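Presented below is the structure to which this report refers.
Fair warning: this is a prediction, and the values are worked out from it, not measured in the lab. Atoms considered below: every heavy atom in the structure, side chains included; atoms not considered: hydrogens, waters and symmetry mates.
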Amino acid sequence: MPIFVITKKMLIWVLVLLAAAILALILILSGGEEAGGEQTAVLAEVEEYEFNAVPTLSKELPVYGVGRSDNKIALTIDAAWDTDKTEFILETLDKYNIKATFFLCGVWVDAYPDYVKEIAKRGHEIGNHSQTHPHMNSLSASEIQEEIRLLDDEIEALTGSRCTLFRAPYGEYNNTVIKAVREIDYEVIQWTKDTVDWKESRSTEQILNSVLPNLTSGDIILCHNNGYKIEEYLPTLIETAQAQGFEFVTVSELLLDGETTIDSQGLQQPK
C-alpha cells in the first residue's frame, strides 16, 4: 500500500486554504453581500507625475466624470513644467473653436506669466494645480488650503479671476484633501480618460486608442502641455471626437447645476 506523505509545503497550502474559507464565512455572516459588492473607481492609469489614488466607497470622492447623455466632454491640460508646446496647443484649440480647462501649477505660473494671461485671454478656463506640486496626502487641511490660496492669489493678479476647480498633483488625494478643498468652495477634478502623454515610449496610436474607442458623454480627458506626442495626437483626437458628435466644453460647463452627488464610480450625478 502506498504511503501518503504530507510535506511542509502541502501543509502550508492547506492552512492558507483553511484561513481563506474561514474569512469567507465571516464575511457572509457579517453582511458579505455589502462587503463583496464594494466597487472601486479605477478610471485613470498610474503615471509617474500624475498618480491616481484608487477611490473606494469608504472614501470621499472627487469628480472623475459627469453623468450626462448630451455628448459633452471636457479636455483638460495640466501645466507644471515646460512650455515649448503651449503655443501649438492654443493655436490648435483656436483652429477647432473649442475651449479647454488648463490646470496650472505655481512653478509654471511663476515661470510663464504671459502664457497664463494668454490662456485666459483666449477664453479657456484655468484650474488650480497647487502652488508647489506637493504630495497633498502628506499635508494638513490648513496646508492644503494654503497651497490653493497662494496660487490663486497669483492667478487672480494676472487674470483678474480666481479658480473654482482644483486638481491634486499626481492625482493623489485622501479624505482630508477632498474635505479641505471643498470647505473653501472648490471642486476636486480627476479624469476618466488618460492620454499618459508624459511617457515618451507611448506612440500616437496608443494615446488615441486609450481615449477615442470608449469615449462617452461626461468624460474628462487628461493631457499635459508638454506631452511628448501632443503635437501629433491632439488634432486627431479633437477631429475624431467631433466627427463622433461630441462637443468640447470646459470642466465648469460640464459639471451639473443644482444638488448633486458622486456615485461609487466617481461620476457626478443629480441628487
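Here Tyr112 pairs with Trp108 under the ring-ring contact (aromatic ring centres under 6.0 Å, His included) rule; sequence neighbours left out. Scanning for side-chain hydrogen bond (donor to acceptor under 3.5 Å, both in side chains) contacts around Ser142 gives Ser140, with sequence neighbours left out. For Glu187, the salt bridge (charged side-chain N to carboxylate O under 4.0 Å, His left out) partners two or more places apart in sequence, or in a different chain, are Arg182. Checked against side-chain hydrogen bond (donor to acceptor under 3.5 Å, both in side chains), Thr76 has the following partners two or more places apart in sequence or in another chain: Arg167. By the side-chain hydrogen bond (donor to acceptor under 3.5 Å, both in side chains) test, Thr236 is found to be paired with no residue, residues two or more places apart in sequence or in another chain being considered. Every residue two or more places apart in sequence or in another chain was checked for a ring-ring contact (aromatic ring centres under 6.0 Å, His included) with Phe103, and none qualifies. Residues satisfying the salt bridge (charged side-chain N to carboxylate O under 4.0 Å, His left out) test with Asp110, not counting sequence neighbours, are none. Partners of Asp197 by salt bridge (charged side-chain N to carboxylate O under 4.0 Å, His left out), not counting sequence neighbours: none found.
Sorted by first and then second residue, the pairs that involve residues 151-166 and meet side-chain hydrogen bond (donor to acceptor under 3.5 Å, both in side chains), not counting sequence neighbours, are Asn128-Asp152, Gln131-Glu154, Arg149-Asp153, Asp152-Tyr186, Asp153-Arg162, Glu156-Arg162. Pairs engaging residues 211-227 under the salt bridge (Lys or Arg N to Asp or Glu O under 4.0 Å) rule: Lys193-Asp219 [sequence neighbours left out]. Counting only residues at least two apart or on different chains, the salt bridge (Lys or Arg N to Asp or Glu O under 4.0 Å) pairs with a member in residues 67-77 are Arg68-Asp70.
Panel note: side chain Lys85, backbone Tyr228; a donor-acceptor pair is recorded below 3.5 Å. Between the side chain of His124 and the backbone N or O of Ala100, at least one donor-acceptor pair lies under 3.5 Å.
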Considering only distance and modelled atom types, tabulate donor-acceptor pairs under 3.5 Å from the side chains of residues 89-98, sequence neighbours left out.
from	atom 1	to	atom 2	distance (Å)
Thr92	OG1	Phe88	O	2.8
Asp94	OD2	Arg122	NH1	2.7
Tyr96	OH	Glu239	OE2	2.3

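How far CD1 of Ile77 is from CD1 of Ile119: 9.0 Å, rounded to the nearest 0.5 Å.
Linking Ile, Leu, Val, Met, Phe, Trp and Tyr whenever their side-chain heavy atoms come within less than 4.5 Å puts Ile178 and Leu61 in one cluster. Under a hydrophobic-cluster definition in which Ile, Leu, Val, Met, Phe, Trp and Tyr are linked whenever side-chain heavy atoms come within less than 4.5 Å, directly or via other members, Val251 and Ile126 are assigned to different clusters. Cluster membership check: Trp191 does not share its hydrophobic cluster with Val211, using side-chain heavy-atom separations under 4.5 Å among Ile, Leu, Val, Met, Phe, Trp and Tyr. No continuous path of ILVMFWY side-chain contacts below 4.5 Å connects Ile73 to Val66, so the two sit in separate hydrophobic clusters. Residues Phe166 and Ile262 are members of one and the same hydrophobic cluster, defined by side-chain heavy-atom contacts under 4.5 angstrom among Ile, Leu, Val, Met, Phe, Trp and Tyr.
A perpendicular orientation is assigned to the rings of Tyr64 and Tyr173, their planes being inclined by more than 60° (bins at 30° and 60°).
Across Leu254 and Ile220, no two heavy atoms sit closer than the pair CD2-CG1, 3.7 Å.
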